[in-house]
Amino acid sequence: MRVIGIADANNFYVSCLRSFNPKLIGQPVIALSNNDGCVVARSNEAKKLGIKMGQPLYQIQKKVADYNVQVFSSNYELFGDMSRRVFGTMQRFVGEFFPYSVDEAFFAFDSYEHIDPGVEEFCRFIRQTVDQWTRIPISIGLAETMTLAKVANKWAKSHPECQGVFWLDTPEKRDEILDQFPIEDLWGVGRQYQERLKRHGIKTALQLSRMPHDWIQQFMTVEGLRLIYELQGIPCRSLDTEPLHKKSICVAPSFGRKVTQYSTVYEAMATYLARAAEKLRRHGSAAGVVTVFLHTNRFDRIGPHHYGSQSVALPHPSSSTTELLNYAEPLLKAIWRDGYDFQKVGVILNEIVPVEHQQKLIFADSPDPRYNVLSQVVDRLNQKHGRDKLRVAAQGYDKSWKIKQRYQSPCYTTKWSDILTVK
DNA sequence: TCTGGGGTCCTAGGACCC
DNA sequence: TCTGGGGTCCTAGGACCC
(Lines give C-alpha, C1' and ligand atoms only; values in the text may rest on other atoms or scores of the structure.)
Protein backbone atom coordinates (compact mmCIF):
# COMPACT_ATOMS: atom_id res chain seq x y z
CA MET A 1 0.00 0.00 0.00
CA ARG A 2 1.14 3.48 -0.81
CA VAL A 3 0.98 6.28 1.71
CA ILE A 4 1.45 9.98 1.03
CA GLY A 5 2.84 12.38 3.58
CA ILE A 6 3.14 16.10 3.88
CA ALA A 7 5.60 17.76 6.18
CA ASP A 8 4.97 21.37 7.01
CA ALA A 9 7.06 23.68 9.18
CA ASN A 10 5.17 25.31 12.03
CA ASN A 11 5.09 29.12 11.80
CA PHE A 12 8.08 28.76 9.49
CA TYR A 13 9.50 32.29 9.31
CA VAL A 14 9.11 32.79 13.04
CA SER A 15 10.74 29.41 13.70
CA CYS A 16 13.71 30.41 11.52
CA LEU A 17 14.25 33.51 13.64
CA ARG A 18 13.88 31.55 16.86
CA SER A 19 16.33 28.94 15.68
CA PHE A 20 19.12 31.51 16.04
CA ASN A 21 17.60 33.75 18.66
CA PRO A 22 16.17 31.59 21.47
CA LYS A 23 15.17 34.70 23.42
CA LEU A 24 12.20 34.85 21.05
CA ILE A 25 10.86 31.52 22.29
CA GLY A 26 7.69 31.98 24.33
CA GLN A 27 7.20 35.52 23.06
CA PRO A 28 4.71 36.89 20.53
CA VAL A 29 6.70 37.20 17.28
CA ILE A 30 5.58 38.19 13.78
CA ALA A 31 7.32 38.31 10.39
CA LEU A 32 6.25 40.83 7.75
CA SER A 33 5.85 40.87 3.99
CA ASN A 34 7.90 43.11 1.70
CA ASN A 35 7.89 46.80 2.61
CA ASP A 36 6.87 45.78 6.13
CA GLY A 37 3.30 45.75 4.87
CA CYS A 38 1.41 42.70 6.11
CA VAL A 39 1.84 39.95 8.69
CA VAL A 40 2.87 36.72 6.96
CA ALA A 41 3.96 34.58 9.91
CA ARG A 42 2.94 34.53 13.56
CA SER A 43 4.12 32.65 16.60
CA ASN A 44 1.39 30.86 18.55
CA GLU A 45 1.57 33.62 21.16
CA ALA A 46 0.93 36.22 18.43
CA LYS A 47 -1.98 34.15 17.08
CA LYS A 48 -3.49 34.12 20.56
CA LEU A 49 -3.38 37.93 20.60
CA GLY A 50 -5.75 37.84 17.63
CA ILE A 51 -3.20 38.95 15.04
CA LYS A 52 -4.46 37.66 11.69
CA MET A 53 -2.58 36.28 8.73
CA GLY A 54 -2.20 38.97 6.07
CA GLN A 55 -3.22 41.79 8.39
CA PRO A 56 -1.56 45.15 7.62
CA LEU A 57 0.96 46.17 10.28
CA TYR A 58 -0.49 49.63 10.78
CA GLN A 59 -3.77 48.10 11.95
CA ILE A 60 -2.12 46.29 14.86
CA GLN A 61 0.41 48.90 16.00
CA LYS A 62 -1.32 49.31 19.35
CA LYS A 63 -1.31 45.58 20.02
CA VAL A 64 2.35 45.40 19.05
CA ALA A 65 3.23 48.09 21.56
CA ASP A 66 0.93 46.88 24.35
CA TYR A 67 2.11 43.27 24.26
CA ASN A 68 5.68 43.92 23.19
CA VAL A 69 5.25 41.87 20.03
CA GLN A 70 8.63 41.22 18.36
CA VAL A 71 8.45 42.40 14.76
CA PHE A 72 10.74 41.34 11.88
CA SER A 73 10.97 42.30 8.21
CA SER A 74 11.10 39.54 5.61
CA ASN A 75 14.50 37.88 5.26
CA TYR A 76 14.24 35.57 2.29
CA GLU A 77 17.93 34.83 2.37
CA LEU A 78 17.63 33.28 5.81
CA PHE A 79 14.25 31.65 5.16
CA GLY A 80 15.39 30.16 1.86
CA ASP A 81 18.55 28.76 3.35
CA MET A 82 16.71 27.24 6.32
CA SER A 83 14.21 25.70 3.92
CA ARG A 84 17.07 23.98 2.08
CA ARG A 85 18.41 22.66 5.39
CA VAL A 86 15.06 21.29 6.54
CA PHE A 87 14.38 19.63 3.18
CA GLY A 88 17.92 18.30 2.99
CA THR A 89 17.49 16.62 6.35
CA MET A 90 14.15 15.05 5.44
CA GLN A 91 15.38 13.78 2.12
CA ARG A 92 17.79 11.46 3.87
CA PHE A 93 14.87 9.44 5.18
CA VAL A 94 12.30 9.30 2.38
CA GLY A 95 12.64 8.06 -1.18
CA GLU A 96 10.19 10.19 -3.12
CA PHE A 97 10.34 13.81 -2.02
CA PHE A 98 8.57 16.78 -3.60
CA PRO A 99 9.02 20.30 -2.25
CA TYR A 100 5.73 22.18 -2.59
CA SER A 101 6.52 25.59 -1.11
CA VAL A 102 9.23 27.16 1.01
CA ASP A 103 7.94 25.39 4.12
CA GLU A 104 6.07 22.33 2.84
CA ALA A 105 7.02 19.15 1.05
CA PHE A 106 5.12 16.03 0.04
CA PHE A 107 6.68 12.59 0.18
CA ALA A 108 5.58 9.01 -0.33
CA PHE A 109 6.28 5.52 0.88
CA ASP A 110 5.44 2.98 -1.81
CA SER A 111 4.98 0.29 0.74
CA TYR A 112 5.05 0.81 4.43
CA GLU A 113 4.55 -2.68 5.77
CA HIS A 114 8.27 -3.19 6.18
CA ILE A 115 8.88 0.09 7.99
CA ASP A 116 9.88 -0.63 11.54
CA PRO A 117 8.53 0.42 14.05
CA GLY A 118 5.65 1.63 11.87
CA VAL A 119 5.06 4.64 9.66
CA GLU A 120 3.95 7.05 12.35
CA GLU A 121 6.86 6.27 14.65
CA PHE A 122 9.28 6.58 11.75
CA CYS A 123 7.86 10.01 10.88
CA ARG A 124 8.22 11.06 14.52
CA PHE A 125 11.85 10.10 14.27
CA ILE A 126 12.24 12.25 11.12
CA ARG A 127 10.57 15.09 12.92
CA GLN A 128 12.89 14.82 15.90
CA THR A 129 15.92 14.74 13.65
CA VAL A 130 14.82 17.87 11.76
CA ASP A 131 14.26 19.59 15.07
CA GLN A 132 17.63 18.54 16.39
CA TRP A 133 19.53 19.57 13.28
CA THR A 134 17.73 22.81 12.38
CA ARG A 135 15.59 23.75 15.42
CA ILE A 136 12.62 24.02 13.10
CA PRO A 137 9.49 22.23 14.37
CA ILE A 138 7.52 20.41 11.68
CA SER A 139 4.20 18.55 11.54
CA ILE A 140 3.49 15.53 9.37
CA GLY A 141 0.18 14.29 7.96
CA LEU A 142 -0.21 10.87 6.33
CA ALA A 143 -3.02 9.50 4.15
CA GLU A 144 -3.95 7.92 0.81
CA THR A 145 -4.20 11.22 -1.08
CA MET A 146 -2.51 14.61 -0.98
CA THR A 147 -5.70 16.37 0.13
CA LEU A 148 -6.29 13.91 2.97
CA ALA A 149 -2.64 14.21 3.99
CA LYS A 150 -3.19 17.96 4.29
CA VAL A 151 -6.19 17.29 6.50
CA ALA A 152 -4.13 14.93 8.66
CA ASN A 153 -1.36 17.51 8.87
CA LYS A 154 -3.73 20.17 10.12
CA TRP A 155 -5.07 17.71 12.66
CA ALA A 156 -1.59 16.89 13.90
CA LYS A 157 -0.87 20.59 14.39
CA SER A 158 -3.93 21.29 16.49
CA HIS A 159 -3.82 18.11 18.59
CA PRO A 160 -0.71 17.93 20.78
CA GLU A 161 -1.41 14.32 21.71
CA CYS A 162 -0.45 13.40 18.11
CA GLN A 163 3.13 14.46 18.84
CA GLY A 164 3.34 16.17 15.46
CA VAL A 165 2.32 13.19 13.33
CA PHE A 166 -1.15 11.95 12.34
CA TRP A 167 -2.14 9.14 9.98
CA LEU A 168 -5.60 8.76 8.47
CA ASP A 169 -5.11 5.05 8.05
CA THR A 170 -8.68 3.69 8.01
CA PRO A 171 -11.93 4.79 6.29
CA GLU A 172 -13.59 5.00 9.70
CA LYS A 173 -10.96 7.37 11.04
CA ARG A 174 -11.14 9.37 7.82
CA ASP A 175 -14.88 9.94 8.08
CA GLU A 176 -14.66 10.72 11.76
CA ILE A 177 -12.09 13.46 11.17
CA LEU A 178 -13.75 14.83 8.01
CA ASP A 179 -16.98 15.14 9.99
CA GLN A 180 -15.24 17.56 12.35
CA PHE A 181 -13.21 19.32 9.66
CA PRO A 182 -14.53 22.73 8.55
CA ILE A 183 -14.66 23.27 4.78
CA GLU A 184 -12.74 26.53 5.00
CA ASP A 185 -9.67 24.62 6.21
CA LEU A 186 -9.70 22.36 3.15
CA TRP A 187 -7.02 22.66 0.50
CA GLY A 188 -8.82 24.22 -2.46
CA VAL A 189 -11.62 25.99 -0.60
CA GLY A 190 -10.98 29.70 -0.31
CA ARG A 191 -13.15 32.56 0.84
CA GLN A 192 -15.50 32.61 -2.14
CA TYR A 193 -16.27 28.90 -2.16
CA GLN A 194 -16.55 28.81 1.60
CA GLU A 195 -19.28 31.46 1.62
CA ARG A 196 -21.16 29.92 -1.28
CA LEU A 197 -21.00 26.42 0.18
CA LYS A 198 -22.18 27.59 3.57
CA ARG A 199 -25.15 29.24 1.91
CA HIS A 200 -26.08 25.74 0.79
CA GLY A 201 -25.70 24.42 4.33
CA ILE A 202 -22.39 22.66 3.69
CA LYS A 203 -20.10 23.15 6.65
CA THR A 204 -17.92 20.07 7.02
CA ALA A 205 -15.55 18.23 4.74
CA LEU A 206 -17.63 15.07 5.13
CA GLN A 207 -20.77 16.83 3.91
CA LEU A 208 -18.88 18.22 0.93
CA SER A 209 -17.42 14.83 0.02
CA ARG A 210 -20.95 13.40 -0.21
CA MET A 211 -22.41 15.98 -2.59
CA PRO A 212 -23.51 14.84 -6.07
CA HIS A 213 -20.70 15.06 -8.60
CA ASP A 214 -22.53 17.11 -11.23
CA TRP A 215 -23.53 19.67 -8.63
CA ILE A 216 -19.95 19.98 -7.44
CA GLN A 217 -18.63 20.33 -10.97
CA GLN A 218 -21.10 23.07 -11.78
CA PHE A 219 -20.37 24.83 -8.53
CA MET A 220 -16.61 24.48 -8.21
CA THR A 221 -15.42 23.37 -11.68
CA VAL A 222 -13.44 20.17 -12.14
CA GLU A 223 -11.11 21.28 -9.35
CA GLY A 224 -13.99 20.77 -6.92
CA LEU A 225 -14.62 17.34 -8.38
CA ARG A 226 -10.99 16.43 -7.86
CA LEU A 227 -11.23 17.68 -4.32
CA ILE A 228 -14.11 15.40 -3.37
CA TYR A 229 -12.54 12.35 -5.05
CA GLU A 230 -9.40 13.02 -3.04
CA LEU A 231 -11.48 13.28 0.14
CA GLN A 232 -12.88 9.85 -0.65
CA GLY A 233 -9.38 8.43 -0.91
CA ILE A 234 -9.10 8.38 -4.71
CA PRO A 235 -5.92 10.18 -5.80
CA CYS A 236 -6.50 12.89 -8.43
CA ARG A 237 -3.46 15.07 -7.91
CA SER A 238 0.03 14.33 -9.01
CA LEU A 239 2.75 14.45 -6.39
CA ASP A 240 5.14 15.77 -8.94
CA THR A 241 3.79 19.28 -8.66
CA GLU A 242 7.09 20.93 -9.51
CA PRO A 243 6.98 21.34 -13.29
CA LEU A 244 10.18 20.96 -15.29
CA HIS A 245 10.11 24.64 -16.02
CA LYS A 246 7.86 27.41 -14.80
CA LYS A 247 5.18 28.79 -17.09
CA SER A 248 5.78 32.32 -15.99
CA ILE A 249 8.24 34.34 -13.98
CA CYS A 250 7.13 37.57 -12.37
CA VAL A 251 9.19 40.15 -10.49
CA ALA A 252 7.21 43.05 -9.10
CA PRO A 253 7.94 44.32 -5.62
CA SER A 254 6.28 47.60 -4.67
CA PHE A 255 8.36 50.73 -4.31
CA GLY A 256 9.33 51.83 -0.81
CA ARG A 257 7.82 55.23 -1.59
CA LYS A 258 5.69 56.85 -4.25
CA VAL A 259 7.53 57.40 -7.51
CA THR A 260 6.65 60.00 -10.14
CA GLN A 261 9.79 60.10 -12.29
CA TYR A 262 10.11 58.04 -15.44
CA SER A 263 13.85 57.59 -14.96
CA THR A 264 13.34 56.07 -11.49
CA VAL A 265 10.67 53.67 -12.69
CA TYR A 266 12.90 52.70 -15.57
CA GLU A 267 15.79 51.85 -13.23
CA ALA A 268 13.49 49.72 -11.10
CA MET A 269 12.08 47.97 -14.18
CA ALA A 270 15.59 47.23 -15.47
CA THR A 271 16.54 45.82 -12.07
CA TYR A 272 13.46 43.57 -11.91
CA LEU A 273 14.07 42.39 -15.43
CA ALA A 274 17.64 41.49 -14.49
CA ARG A 275 16.26 39.44 -11.55
CA ALA A 276 13.75 37.67 -13.76
CA ALA A 277 16.39 36.90 -16.40
CA GLU A 278 18.77 35.53 -13.74
CA LYS A 279 16.03 33.20 -12.60
CA LEU A 280 15.38 32.11 -16.18
CA ARG A 281 19.05 31.28 -16.71
CA ARG A 282 19.28 29.42 -13.41
CA HIS A 283 16.47 27.18 -14.64
CA GLY A 284 18.10 26.76 -18.04
CA SER A 285 15.10 28.41 -19.70
CA ALA A 286 14.35 31.20 -22.12
CA ALA A 287 11.24 33.37 -22.47
CA GLY A 288 9.26 34.16 -25.62
CA VAL A 289 7.03 36.94 -24.28
CA VAL A 290 7.79 39.93 -22.07
CA THR A 291 5.12 41.92 -20.23
CA VAL A 292 5.65 45.17 -18.35
CA PHE A 293 2.97 46.65 -16.10
CA LEU A 294 2.75 49.74 -14.00
CA HIS A 295 0.24 51.03 -11.48
CA THR A 296 -0.65 53.51 -8.79
CA ASN A 297 -1.65 52.44 -5.27
CA ARG A 298 -5.17 51.06 -5.39
CA PHE A 299 -5.72 51.86 -1.71
CA ASP A 300 -5.13 55.54 -2.32
CA ARG A 301 -8.48 57.27 -1.93
CA ILE A 302 -7.38 60.42 -3.65
CA GLY A 303 -6.58 59.64 -7.28
CA PRO A 304 -5.80 59.94 -10.02
CA HIS A 305 -5.15 56.28 -10.76
CA HIS A 306 -3.50 54.66 -13.71
CA TYR A 307 -2.96 51.04 -14.65
CA GLY A 308 -1.00 50.09 -17.74
CA SER A 309 0.22 46.79 -19.13
CA GLN A 310 1.75 45.74 -22.45
CA SER A 311 3.36 42.62 -23.87
CA VAL A 312 5.56 41.80 -26.78
CA ALA A 313 6.44 38.49 -28.42
CA LEU A 314 10.15 38.14 -29.12
CA PRO A 315 11.41 36.90 -32.49
CA HIS A 316 13.08 34.04 -30.59
CA PRO A 317 13.11 33.02 -26.92
CA SER A 318 15.80 34.77 -24.90
CA SER A 319 17.29 34.73 -21.42
CA SER A 320 19.67 37.61 -21.89
CA THR A 321 19.11 40.62 -19.65
CA THR A 322 20.40 43.04 -22.27
CA GLU A 323 18.33 41.54 -25.06
CA LEU A 324 15.13 41.34 -22.98
CA LEU A 325 15.65 44.92 -21.87
CA ASN A 326 15.69 46.06 -25.49
CA TYR A 327 12.14 44.75 -25.81
CA ALA A 328 10.93 45.83 -22.37
CA GLU A 329 11.94 49.48 -22.63
CA PRO A 330 9.47 50.44 -25.39
CA LEU A 331 6.72 48.70 -23.41
CA LEU A 332 7.35 50.89 -20.39
CA LYS A 333 7.44 53.98 -22.61
CA ALA A 334 4.10 52.99 -24.11
CA ILE A 335 2.31 52.60 -20.77
CA TRP A 336 4.00 55.53 -19.04
CA ARG A 337 1.89 58.57 -18.06
CA ASP A 338 3.26 61.74 -16.52
CA GLY A 339 1.74 63.12 -13.34
CA TYR A 340 0.93 59.99 -11.36
CA ASP A 341 2.24 58.65 -8.05
CA PHE A 342 3.25 55.16 -9.02
CA GLN A 343 3.46 52.37 -6.48
CA LYS A 344 4.70 49.51 -8.57
CA VAL A 345 6.27 48.45 -11.84
CA GLY A 346 6.47 44.77 -12.72
CA VAL A 347 8.00 42.43 -15.27
CA ILE A 348 6.46 39.12 -16.34
CA LEU A 349 8.15 36.57 -18.58
CA ASN A 350 5.94 34.06 -20.41
CA GLU A 351 6.11 31.35 -23.07
CA ILE A 352 9.04 29.86 -21.23
CA VAL A 353 10.91 27.01 -22.91
CA PRO A 354 13.96 24.98 -21.95
CA VAL A 355 16.98 26.37 -23.78
CA GLU A 356 17.97 23.05 -25.31
CA HIS A 357 14.50 22.49 -26.82
CA GLN A 358 14.22 25.82 -28.55
CA GLN A 359 12.61 25.72 -31.94
CA LYS A 360 14.83 26.84 -34.74
CA LEU A 361 13.00 29.30 -36.94
CA ILE A 362 13.60 29.38 -40.64
CA PHE A 363 12.86 33.01 -41.37
CA ALA A 364 13.51 34.83 -38.12
CA ASP A 365 17.00 35.94 -37.22
CA SER A 366 18.64 33.41 -34.98
CA PRO A 367 19.71 34.71 -31.60
CA ASP A 368 23.08 36.38 -31.39
CA PRO A 369 25.27 33.86 -29.51
CA ARG A 370 27.24 36.68 -27.92
CA TYR A 371 24.26 37.48 -25.69
CA ASN A 372 24.51 34.08 -24.06
CA VAL A 373 28.24 34.28 -23.54
CA LEU A 374 27.83 37.70 -21.97
CA SER A 375 25.10 36.45 -19.62
CA GLN A 376 27.21 33.52 -18.51
CA VAL A 377 30.16 35.75 -17.70
CA VAL A 378 27.96 38.19 -15.79
CA ASP A 379 26.34 35.39 -13.78
CA ARG A 380 29.69 33.86 -12.89
CA LEU A 381 31.18 37.14 -11.75
CA ASN A 382 28.12 38.09 -9.72
CA GLN A 383 27.98 34.70 -8.09
CA LYS A 384 31.54 35.18 -6.95
CA HIS A 385 31.52 38.85 -6.03
CA GLY A 386 27.92 39.52 -5.05
CA ARG A 387 24.66 40.33 -6.77
CA ASP A 388 24.70 43.23 -9.21
CA LYS A 389 28.45 43.80 -8.99
CA LEU A 390 28.23 43.70 -12.76
CA ARG A 391 25.00 45.00 -14.24
CA VAL A 392 23.45 46.88 -17.09
CA ALA A 393 23.78 50.63 -16.69
CA ALA A 394 20.00 51.00 -16.90
CA GLN A 395 19.70 49.53 -13.41
CA GLY A 396 21.23 52.72 -12.07
CA TYR A 397 22.61 53.50 -8.65
CA ASP A 398 19.79 55.53 -7.13
CA LYS A 399 17.79 52.76 -5.40
CA SER A 400 15.72 55.29 -3.49
CA TRP A 401 12.71 53.30 -4.69
CA LYS A 402 13.78 50.14 -2.92
CA ILE A 403 11.54 48.41 -0.43
CA LYS A 404 11.46 49.37 3.21
CA GLN A 405 12.89 46.96 5.76
CA ARG A 406 12.74 48.56 9.17
CA TYR A 407 12.99 45.44 11.28
CA GLN A 408 15.75 43.47 9.63
CA SER A 409 17.09 40.26 11.09
CA PRO A 410 20.61 38.94 10.47
CA CYS A 411 21.38 36.44 7.70
CA TYR A 412 22.76 33.97 10.21
CA THR A 413 23.65 31.29 7.69
CA THR A 414 24.63 33.15 4.53
CA LYS A 415 26.66 36.21 5.55
CA TRP A 416 30.07 35.98 7.20
CA SER A 417 29.44 39.10 9.24
CA ASP A 418 26.14 37.74 10.59
CA ILE A 419 27.34 34.38 11.80
CA LEU A 420 26.82 33.93 15.53
CA THR A 421 29.91 33.77 17.69
CA VAL A 422 30.19 31.61 20.79
CA LYS A 423 31.95 33.28 23.66
C1' DT B 1 2.19 57.69 6.96
C1' DC B 2 1.15 52.55 6.77
C1' DT B 3 -2.43 47.44 2.88
C1' DG B 4 3.01 41.40 -0.17
C1' DG B 5 4.71 38.67 -3.89
C1' DG B 6 4.86 34.86 -6.96
C1' DG B 7 2.64 31.26 -8.82
C1' DT B 8 -1.24 27.63 -10.85
C1' DC B 9 -5.51 26.06 -13.13
C1' DC B 10 -10.09 26.68 -15.18
C1' DT B 11 -13.96 28.90 -17.73
C1' DA B 12 -16.61 31.98 -20.56
C1' DG B 13 -16.88 34.43 -24.42
C1' DG B 14 -15.23 36.54 -28.68
C1' DA B 15 -12.97 36.02 -33.15
C1' DC B 16 -12.34 33.22 -36.65
C1' DC B 17 -12.51 28.92 -39.68
C1' DC B 18 -15.17 25.86 -43.12
C1' DT C 1 -41.93 33.63 -34.42
C1' DC C 2 -38.11 32.11 -37.66
C1' DT C 3 -31.41 33.27 -38.82
C1' DG C 4 -26.52 26.20 -39.05
C1' DG C 5 -23.31 23.43 -36.88
C1' DG C 6 -19.12 22.28 -35.30
C1' DG C 7 -14.71 23.35 -34.55
C1' DT C 8 -10.11 26.01 -32.70
C1' DC C 9 -7.56 29.55 -30.57
C1' DC C 10 -6.92 33.41 -27.64
C1' DT C 11 -7.75 36.45 -23.73
C1' DA C 12 -9.56 38.27 -19.54
C1' DG C 13 -10.87 37.25 -15.30
C1' DG C 14 -11.91 34.40 -11.32
C1' DA C 15 -10.68 31.07 -8.12
C1' DC C 16 -7.14 29.00 -5.50
C1' DC C 17 -2.30 28.11 -3.13
C1' DC C 18 1.66 29.49 0.22
Side-chain angles (χ1 to χ4, degrees), chain A residues 6-13 30-42 52-62 64 71 73-76 79-80 83 99-106 146-147 150 153-154 183-197 216-227 236-238 240-243 245-258 272 275-276 279-280 283 289 291 293 295-302 307 309-311 313 341 343-352 403-407:
Chain A
I6 179 159
D8 176 325
N10 306 349
N11 315 330
F12 181 57
Y13 292 169
I30 56 173
L32 302 174
S33 64
N34 270 354
N35 267 321
D36 298 334
C38 296
V39 177
V40 295
R42 306 155 294 157
K52 299 269 177 286
M53 183 70 177
Q55 205 168 16
L57 178 64
Y58 77 93
Q59 287 179 3
I60 55 166
Q61 286 293 16
K62 188 172 172 347
V64 166
V71 181
S73 298
S74 55
N75 182 343
Y76 298 114
F79 303 155
S83 169
Y100 176 70
S101 73
V102 70
D103 70 334
E104 280 175 85
F106 286 97
M146 294 169 76
T147 307
K150 284 277 234 182
N153 180 289
K154 209 140 208 169
I183 43 163
E184 61 266 34
D185 290 348
L186 278 174
W187 196 33
V189 177
R191 225 186 59 227
Q192 303 297 323
Y193 285 149
Q194 175 200 331
E195 277 169 26
R196 282 153 64 182
L197 287 169
I216 289 287
Q217 170 140 20
Q218 212 183 1
F219 211 78
M220 300 175 69
T221 79
V222 299
E223 289 289 345
L225 209 52
R226 284 183 192 135
L227 169 61
C236 287
R237 295 182 186 282
S238 154
D240 205 352
T241 45
E242 188 87 351
H245 54 259
K246 287 197 189 302
K247 294 188 170 173
S248 69
I249 290 175
C250 172
V251 179
S254 299
F255 301 130
R257 59 171 174 89
K258 284 172 183 161
Y272 300 167
R275 292 282 166 279
K279 202 184 257 189
L280 261 185
H283 297 178
V289 170
T291 302
F293 66 92
H295 61 80
T296 47
N297 185 349
R298 68 184 198 284
F299 292 110
D300 238 341
R301 290 287 169 83
I302 32 173
Y307 180 95
S309 167
Q310 264 199 23
S311 306
D341 289 332
Q343 183 219 11
K344 170 182 287 196
V345 68
V347 175
I348 308 172
L349 303 177
N350 274 305
E351 302 288 307
I352 294 174
I403 61 166
K404 280 180 295 193
Q405 305 264 45
R406 277 169 297 180
Y407 315 99

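Small disclaimer: the values here were computed from a predicted structure and weren't measured.
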For [X], report the nucleic acid contact type (base, sugar-phosphate, nothing); a contact means any heavy atom under 4.0 Å.
X	answer
Val222(A)	sugar-phosphate
Arg257(A)	nothing
Arg196(A)	sugar-phosphate
Leu186(A)	sugar-phosphate

Next on the checklist: Checking base pairs now: Watson-Crick or wobble, both atom distances under 3.5 Å. What partners dC18(B)?
Outcome noted: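 Base-paired to dG5(C).
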Length of the line joining [X]:[atom1] and [N]:[atom2], which is rounded to integer Å:
X	N	atom1	atom2	answer
Arg237(A)	dC9(B)	CZ	P	11 Å
Asp185(A)	dC17(C)	CG	P	10 Å
Glu184(A)	dC18(C)	CD	P	14 Å
Phe293(A)	dA12(C)	CZ	P	14 Å
Ile216(A)	dC16(C)	CD1	P	13 Å
Tyr307(A)	dG13(C)	OH	C1'	12 Å
Phe219(A)	dT11(B)	CZ	C1'	16 Å
Gln192(A)	dC9(B)	CD	P	21 Å

Donor-acceptor pair, [X] side chain versus [Y] backbone, under 3.5 Å?
X	Y	value
Asp341(A)	Lys258(A)	no
Asn35(A)	Phe255(A)	yes
Asp36(A)	Arg406(A)	yes
Asn297(A)	Phe299(A)	yes
Lys150(A)	Ile6(A)	no

Item to check | Pairwise side-chain contact, Ser309(A) with Thr291(A), heavy-atom cut-off 4.5 Å (strictly under) | outcome: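 With C-beta onward as the side chain, the pair touches.
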Next on the checklist: Suppose you measure atom C1' in dG4(B) against the same atom in dC17(C); what distance do you get, rounded to whole Å?
Outcome noted: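 It comes out at 15 Å once rounded to the nearest Å.
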Checklist entry - Among all residues two or more places apart in sequence or in another chain, which pass the salt bridge (charged side-chain N to carboxylate O under 4.0 Å, His left out) test with Glu223(A)? => result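 Partners of Glu223(A) by the salt bridge (charged side-chain N to carboxylate O under 4.0 Å, His left out) criterion, ordered by chain and then number, come out as Arg226(A), Arg237(A).
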Below 3.5 Å is the cut-off: list the nitrogen or oxygen pairs between protein and nucleotides 2-7 of chain B, distance only.
unit_1 : atom_1 : unit_2    : atom_2 : d
dT3(B) : N3     : Tyr58(A)  : OH     : 3.4
dT3(B) : O4     : Tyr58(A)  : OH     : 3.1
dG4(B) : O4'    : Ser33(A)  : OG     : 2.7
dG5(B) : OP1    : Ser254(A) : N      : 2.3
dG5(B) : OP1    : Ser254(A) : OG     : 3.3
dG5(B) : OP2    : Ser254(A) : OG     : 3.0
dG5(B) : OP2    : Lys344(A) : NZ     : 2.8
dG6(B) : OP2    : Ala252(A) : N      : 2.7
dG6(B) : O5'    : Cys250(A) : O      : 3.3
dG7(B) : OP1    : Lys279(A) : NZ     : 2.7
dG7(B) : OP2    : Cys250(A) : N      : 2.4
dG7(B) : OP2    : Cys250(A) : O      : 3.4

